[in-house]
Amino acid sequence: MAGGGGHGAHNITHGGLSLHATKGWHSRVGQGMCAVMWLWVLYRAKQDGAVLMGWRHPWEGHGHGGHNEHEEAKHR
């Protein structure tokens, strides 16, 4: 098996499992991607959180100005 590459690195071994230290840029990129993920989750919660929580139906208030297209078609 591969995986010997921890020569001189700061490794943590617990119960026979060795966790290798990450490089600095891996940690920064991971934190940045985590921030993007949470911003996306909060943005989506702002957009349709009420539907997800059951406070509003998905077809209510969808931005078409309250027009009932089916009723308008009957009157033409």
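Keep in mind that what you see is a predicted model, and the values were worked out from it rather than measured.
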Undergrad: Tell me which one of Met33, Gln31, His26 satisfies side chain to side chain contact (heavy atoms under 4.5 Å, CB included) with Val29.
TA: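 Answer after filtering Met33, Gln31, His26: Met33.
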Undergrad: Can you tell me if Ile12 has over 12 outside heavy atoms packed within less than 6.0 Å of its CD1?
TA: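 12 or below, so no.
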Undergrad: Kindly compute the distance separating CE (Met53) from CG (Asp48), expressed to the nearest 0.5 Å.
TA: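 The CE atom of Met53 sits 12.5 Å away from the CG atom of Asp48.
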Undergrad: In terms of ring plane angle, is the pair His57 and Trp59 parallel, tilted or perpendicular, where the classes change at 30° and 60°?
TA: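 Parallel.
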Undergrad: Quick check for you: to the nearest 0.5 Å, what is the distance between Leu19 atom CG and Thr13 atom OG1?
TA: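 Answer for the CG-OG1 pair, Leu19 versus Thr13, is 7.5 Å.
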Undergrad: Shortest non-hydrogen contact from Ala21 to Asn11?
TA: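 The answer is N-OD1, 4.0 Å.
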Undergrad: How far does CG of Leu52 sit from CD of Gln47, to the nearest 0.5 angstrom?
TA: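 Spacing of CG (Leu52) from CD (Gln47) equals 13.5 Å.
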